[in-house]
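Scroll down for the structure; my scribbles are underneath it.
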Number of protein chains: 2
Amino acid sequence: MAERPEKPAFQARARCKSVLSGVIFLLTLGPIALKTYSTIKTYSLLLDSSSMSRRSYRQNCALARANDVIGDRWTQLLIRDLLIAPRRFNELQASLKGIGANLLSSRLKELEGAGLVEHGTPASGKHRYALTARGRAIEPALLALIRWGLVYGPDNQPGDHHHDDWDLLALKALFQPDRMAGEGVTVQFTDHEFSGWMAIADGVVTIGLGEAEEPDVCVATTIKNLFTGPGEPSGYLQAGDPETLRNFMHSFAVRV
Amino acid sequence: MAERPEKPAFQARARCKSVLSGVIFLLTLGPIALKTYSTIKTYSLLLDSSSMSRRSYRQNCALARANDVIGDRWTQLLIRDLLIAPRRFNELQASLKGIGANLLSSRLKELEGAGLVEHGTPASGKHRYALTARGRAIEPALLALIRWGLVYGPDNQPGDHHHDDWDLLALKALFQPDRMAGEGVTVQFTDHEFSGWMAIADGVVTIGLGEAEEPDVCVATTIKNLFTGPGEPSGYLQAGDPETLRNFMHSFAVRV
DNA sequence: CAGTATCCTCGAGGATACTG
DNA sequence: CAGTATCCTCGAGGATACTG
């Protein structure tokens, strides 16, 4: 910062109005980037108004700026849960074991202020938090972190908290279109305490909690147990073809 | 954490020996994952011995575990700098404006303990920190975060700290193989205070600081200025073909 | 249920001085 | 230059009680 010592008092206010090199940079790079310009503008207004992290790295670097938004403790895990389904406050608090109500409340407000989360809208539902397009756009990055964590991260420890729905996202992270045989498939997982589904269509994976509309395959177990448990996968079949299930399971691997 | 009050004293030790569902999960998913097993084992030993984050989320979720390793403040930015080049302690401290010497030292030790960074080895060089294979493996995730940050992150602010080498990584994040025309190209950037290069070969991008071996194109400006500055890009050409430069610049865009 | 308000602790992390 | 050692602050974030 020493290279710009003039006008230090004005600096804080100057941050609200500046023209932004990040944007300009993208604008020169093609029509895809152009599309996002108006969104970015809205965003910067939201951010500047109140919730700009009081601990910004102040680095002109996209990674640092991403971390200014989603780098705080719990934030990525919160987004993870919302990537799986819209949630109520108490559902989130139960899932993020150890987070305080006040901290959860404050994280949600920050993400709302940054335009990643919305709340109580027709789209999200009353008393439900859901990701906006901007929030969902972070999914590829989180899936990449999940892949790294699966292969290189520390080991799971006995006693660690676990939710079966997290495995929906982990499985999505491992999907490889080129390993996919067949057109598409919808698989329903139903276990004692878990119900969720994954649909693959046109090489795109969709996941959700509860019951799928028209599942091709239904298995009576969790994702984890299906892939790593003792018995034959087909032993869990409740409906559908063993071959279809095998093809489905074969579509996932670690991309290294 | 209240759900497991029994044997609290034993828990810390029990964490060292467990068989790990994350690993088993991957093992069932194919030969690629199998390859990494021995690495993972080594890693867990390193981690358990000392530097397991005292603030683990304790969630059996790959994203949470990734965050246990690289979720601390400064850690991702440190890895970013090492993705660009091996660095000395003081270089890192100068780049990560605002980090204290003690904190930098402690972050480096944590990453070394976790097997992402090595130091003073023949590969890294004396008094130089470099990424291990495990550390480099996080690059795709950081590039995805960079893409998000470029499009959806907060705006750059006047007075923000900046290094031109960061743009090497940002540019790499925007590379799109299918937009590439021609076989491959090496571009040298040389400016007042910056010297670095990018090579594209077989759809793979390599970057580095200093002078490239055999650049096809040399421009006398920074990446940022080349893409977003006023003048015609070809105006910065010192060596090489304007057409080659144009093709190079056209290979980058935001993947949305 | 969906939060807000208050209080308090402790440790991240910043500043500084010092050493090999 | 490459760190280590010490001290100190302040704010993240945990606990708890309370409200609409």
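As a basis for the values below, the full set of heavy atoms in this structure was taken, side chains included, without hydrogen atoms, waters or symmetry mates. Naming convention: chains lettered A, B, ... in sequence-line order (proteins, then strands); numbering from 1 in each chain.
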Could you say whether H127(B) or I99(A) is positioned toward the 5' end of DNA chain D, judged by the nucleotide with the nearest heavy atom to each?
-> H127(B)
Applying side-chain hydrogen bond (donor to acceptor under 3.5 Å, both in side chains) between D160(B) and each of R58(A), R65(A), Q59(A), report the one that passes.
-> R58(A)
Under 4.0 Å: is that the gap between some side-chain N or O of H119(B) and OP1 or OP2 of dA2(D)?
-> no
For R73(B), does its backbone N or O pair with a side-chain atom of R107(B) as donor and acceptor, under 3.5 Å?
-> yes
Measure from the side chain of R73(A), starting at C-beta and using heavy atoms only, and say which of dG3(D), dG13(D), dG3(C) lies closest.
-> dG13(D)
When you check the phosphate oxygens OP1 and OP2 of dT4(C), does a side-chain N or O of K109(A) lie under 4.0 Å from one of them?
-> yes
Is the closest basic N to carboxylate O distance between K109(A) and E112(A) below 4.0 Å?
-> no
Phosphate oxygens OP1/OP2 of dG13(D): is one of them under 4.0 Å from a side-chain N or O of Y57(B)?
-> no
Is D165(B) salt-bridged to R80(B), cutoff N-O under 4.0 Å?
-> no
Measure from the side-chain N and O atoms of E139(B) to the backbone N and O of R136(B), and report whether any donor-acceptor pair falls under 3.5 Å.
-> no
note: L104(A), atom CG; dA2(C), atom C1'; distance rounded to Å ~ 10 Å
Could you please name the option among dG3(D), dG14(D), dT4(D) that lies closest to any side-chain atom of L103(A)?
-> dG14(D)
Nucleotide-level pairing of DNA chain C, given in dot-bracket where Watson-Crick and G-U pairs need both distances under 3.5 Å and | marks other strands | ||||||||||||||||||||
Listing time: all N or O pairs from protein to nucleotides 6-8 of chain D that are below 3.5 Å?
{"unit_1": "dT6(D)", "atom_1": "O4", "unit_2": "N102(B)", "atom_2": "ND2", "d": "3.2"}

Taking only the side-chain heavy atoms of R88(B) (C-beta and beyond), determine which of dT4(C), dA2(C), dA2(D) contains the nearest atom.
-> dA2(D)
Name the closest nucleotide to the W74(A) side chain, picking from dG14(D), dG3(C), dT4(D).
-> dG14(D)
Consider the side chain of R107(A), meaning its heavy atoms from C-beta on, and name the nucleotide among dA12(D), dG13(C), dT4(D) that approaches it most closely.
-> dA12(D)
